[in-house]
Visitor: 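Right, I'll just put the structure down here and ask away after.
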Amino acid sequence: MYTDHDVLVTGIGATTPIGGTAPETWQAMLDGTIGVKANTNAYVEKYNLPVRIHAPLAVDPLEVLTRVEARRLDRSQQVALIAAREAWADAGSPEVDPLRLGVVVGTGIGGAVTLLEQDDLLENVGVGKVAVMTVPMLMPNGPAAAVGLWAKARGGVHAPVSACASGAEGLAWAWKLIKEGEIDIAIAGGAEGCIHPLPIAGFAQMRAMSTRNDDPTTASRPFDIGRDGFVIGEGAGIMVLERADHARARGAKIYGKLAGIGMSNDAYHITAPEPEGEGSLRAIAKALKTAGLSPRDITHVNAHATSTPVGDLAESKTILKGIGEQAVVTATKSMTGHMLGAAGAVEAIATVLSIKNGIVPGTRNIETIDPAIGVDIATENREVKIEAAINDSFGFGGHNVALAFTSA
């Protein structure tokens, strides 16, 4: 049940490597659809990239947006707007005072594609070919700004940038704004669109990415003993979050409740997680406390689990310490790849749908679970009665975000 000031999920929207909408993405997760494929762009050969796989969008933004819209928006902004429109329509396009409507859309890298493409034009052709909208397209608050302008949100537009925790942090800050009485409704989540040779080359130099170039569909394999890195993806996930009394007054459809949030930092290393998971453990503890839950209440975790050797192990330790052995764990990046700043928001949507439908999508591509991983991993779809679940997200810089969702 919920009280007047609880934060409810009343709309969802997504565009991902496995679906052009939230329902399509959810069904694809249940079907075990893999969005990872060979990267056949000419730049792969031009730069002799060691990583030749990626997880591009299932539906190109040009199929959804008008040509004018697409031309004026960076890809990260395009996907944010697509997902936001879907989520808003799904919520019933609620009437709300613009001063009580906020937007919080995070991104990890933002307009990198615009920045790099326009720099190429400047260097190779000259200043006259640089796009007039270059700066609005490359700025990291661009996805949030695009959504805010479209929605006419005057209650505040915010853009958390916390690497791969950005989408989850967008939801966390929206929860805070609603709880503190600043706004009644938030359009919140994360977006990313940076499949480009430079980010790929940079991540590859870190040896953070999988090099299973000969078998793309099995490359992303969280918790498997043979995991060798993540697969870069793109997409957006947006939720409409709404104060309960406002939602009740208009008879809104309710997916579930964002019951609590927790944020922390490892202060350990710019890219590596704290090995024992102490920072992420604090985030989970805060999420449980703000939700009024105990660890034993949690029966499902949608894990960050990027398919890196170090990250997956640290996260499993966190789950065991902070929640316990009873939680059924899944890693949907096995299908979507890693959407960076959008990942946490898309996985939050999957978490809510798992609660609502009583089913956990299986983690794909697991041949042999790493014996050092001690959590209960669903390797195929599993029916579970879920009253409360945790979605956790982590990012370079030591960012940790945990979101506690419950049934409404």
Side-chain angles (χ1 to χ4, degrees), residues 15-17 39 41-44 46-47 49-57 60-62 65 69-83 105-125 129-147 158-170 189-206 208-209 229-237 270-271 306 333 336-346 393 395-397 399:
T15 181
T16 73
N39 187 344
N41 286 294
Y43 62 68
V44 173
K46 178 180 180 180
Y47 300 116
L49 294 178
V51 174
R52 297 171 175 239
I53 53 179
H54 63 168
L57 291 171
D60 192 280
L62 292 176
L65 301 172
E69 286 176 326
R71 188 171 63 246
R72 293 177 176 177
L73 298 171
D74 177 78
R75 195 169 179 89
S76 64
Q77 298 166 9
Q78 293 172 3
V79 294
L81 186 58
I82 289 168
V105 179
T107 184
I109 297 178
V113 171
T114 291
L115 173 64
L116 294 165
E117 289 179 348
Q118 295 303 312
D119 180 66
D120 285 344
L121 286 172
L122 176 63
E123 293 188 13
N124 297 323
V125 185
K129 291 298 183 180
V130 173
V132 172
M133 295 295 287
T134 293
V135 173
M137 290 169 67
L138 67 82
M139 60 192 192
N141 67 312
V147 174
H158 309 278
V161 178
S162 50
C164 302
S166 299
E169 190 165 326
E192 203 76 85
C194 64
I195 297 179
H196 181 280
L198 185 61
I200 292 173
F203 282 127
Q205 287 294 89
M206 281 185 196
M209 300 179 73
F230 74 85
V231 178
I232 193 168
E234 58 182 351
I270 189 63
T271 59
T306 61
K333 287 185 182 72
T336 65
H338 191 359
M339 294 173 283
L340 307 179
V346 172
S393 298
F396 283 179
H399 302 281

Visitor: Between L73 and A146, which heavy-atom pair has the shortest distance, and what is it?
Guide: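 L73 and A146 have their closest heavy atoms at CD2-CB, 4.0 Å.
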Visitor: Please enumerate all residues that pass side-chain hydrogen bond (donor to acceptor under 3.5 Å, both in side chains) together with E234, with sequence neighbours excluded.
Guide: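 Counting only residues at least two positions away or on another chain, E234 forms a side-chain hydrogen bond (donor to acceptor under 3.5 Å, both in side chains) with R75.
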Visitor: Of all heavy-atom pairs between G190 and A345, which one has the smallest distance, and what is that distance?
Guide: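 Nearest heavy atoms, G190 then A345: N-CB, 3.5 Å.
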Visitor: What pairs with T107 under side-chain hydrogen bond (donor to acceptor under 3.5 Å, both in side chains), at least two apart in sequence or on another chain?
Guide: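 T107: side-chain hydrogen bond (donor to acceptor under 3.5 Å, both in side chains) contacts with E192.
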Visitor: How many angstroms lie between atom CG of D119 and atom CG of N124, to the nearest 0.5 angstrom?
Guide: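 Result: 8.5 Å between the selected atoms.
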Visitor: With V125, which residues qualify under side chain to side chain contact (heavy atoms under 4.5 Å, CB included), at least two apart?
Guide: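 Side chain to side chain contact (heavy atoms under 4.5 Å, CB included) list for V125, sorted by chain: L121, K129.
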Visitor: Work out which heavy atom in G193 is nearest to a heavy atom in V113; give both atom names and the distance.
Guide: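 Shortest heavy-atom contact: O-CG2, 3.4 Å.
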Visitor: Working to the nearest 0.5 Å, report the span between CG of L57 and CD of Q78.
Guide: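 CD of Q78 is found 9.0 Å from CG of L57.
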Visitor: Please identify each residue that fulfils salt bridge (charged side-chain N to carboxylate O under 4.0 Å, His left out) with R52, with sequence neighbours left out.
Guide: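 Only E45 meet the salt bridge (charged side-chain N to carboxylate O under 4.0 Å, His left out) criterion with R52.
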Visitor: Atom CG in L49, atom CZ in F203: separation rounded to 0.5 Å?
Guide: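 Between atom CG of L49 and atom CZ of F203 there are 13.5 Å.
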Visitor: So which atom in P199 and which in L116 form the shortest heavy-atom distance, rounded to 0.1 Å?
Guide: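 Looking at all heavy atoms of both residues, the closest pair is CD-CD1, 4.3 Å.
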Visitor: Between V79 and A191, which heavy-atom pair has the shortest distance, and what is it?
Guide: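 Shortest heavy-atom separation between V79 and A191 comes out as CG2-CB, 3.9 Å.
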Visitor: Quick one: list whatever passes side chain to side chain contact (heavy atoms under 4.5 Å, CB included) with A204, sequence neighbours left out.
Guide: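 Counting only residues at least two positions away or on another chain, A204 forms a side chain to side chain contact (heavy atoms under 4.5 Å, CB included) with P50, V51.
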Visitor: For residues 137-144, which side-chain donor-acceptor pairs fall under 3.5 Å, sequence neighbours excluded?
Guide:
none

Visitor: Residues two or more places apart in sequence or in another chain: which of them pass side-chain hydrogen bond (donor to acceptor under 3.5 Å, both in side chains) with N39?
Guide: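 Checked N39 against side-chain hydrogen bond (donor to acceptor under 3.5 Å, both in side chains); matches are N41, Y43.
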Visitor: Taking side chain as C-beta onward, heavy atoms only, is P136 less than 4.5 Å from Q77?
Guide: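 In short, these two side chains do not touch, never coming nearer than 4.5 Å.
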Visitor: Quick one: does any side-chain atom of H54 pair with a main-chain N or O of P56 as donor and acceptor, under 3.5 Å?
Guide: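 Checked: no pair found.
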Visitor: How would you list, by chain and number, every residue that makes a ring pair (Phe, Tyr, Trp, His ring centres under 6.0 Å) with H338, sequence neighbours excluded?
Guide: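 Testing H338 for ring pair (Phe, Tyr, Trp, His ring centres under 6.0 Å), a comparison that skips the adjacent residues, returns F230, H304.
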Visitor: If you take all heavy atoms of I232 and I195, which pair is closest and at what distance?
Guide: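 Closest approach of I232 to I195: O-CD1, 4.2 Å.
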Visitor: Just jot down the side-chain hydrogen bond (donor to acceptor under 3.5 Å, both in side chains) partners of T336, sequence neighbours excluded, or say none.
Guide: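 With neighbours one apart ignored, the set is empty.
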Visitor: List in chain and number order the residues that pass side chain to side chain contact (heavy atoms under 4.5 Å, CB included) with V130, two or more places apart in sequence or in another chain; answer none if no residue qualifies.
Guide: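 Once residues adjacent in sequence are excluded, the partners of V130 under the side chain to side chain contact (heavy atoms under 4.5 Å, CB included) criterion are Q118, L122, T134.
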Visitor: With sequence neighbours left out, write down each residue that passes salt bridge (charged side-chain N to carboxylate O under 4.0 Å, His left out) with E117, or none if nothing qualifies.
Guide: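 Per chain and number, E117 pairs via salt bridge (charged side-chain N to carboxylate O under 4.0 Å, His left out) with no residue.
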Visitor: Mind checking side chain to side chain contact (heavy atoms under 4.5 Å, CB included) for A83 and listing every partner two or more places apart, or none if nothing turns up?
Guide: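 Per chain and number, A83 pairs via side chain to side chain contact (heavy atoms under 4.5 Å, CB included) with A236, I238.
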Visitor: With rounding to the nearest 0.5 Å, note down the distance linking OG1 in T306 to CE in M339.
Guide: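 These two atoms lie 12.5 Å from each other.
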Visitor: Using 0.5 Å steps for rounding, measure from the NE2 atom of H399 to the OG atom of S393.
Guide: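 OG of S393 is found 12.0 Å from NE2 of H399.
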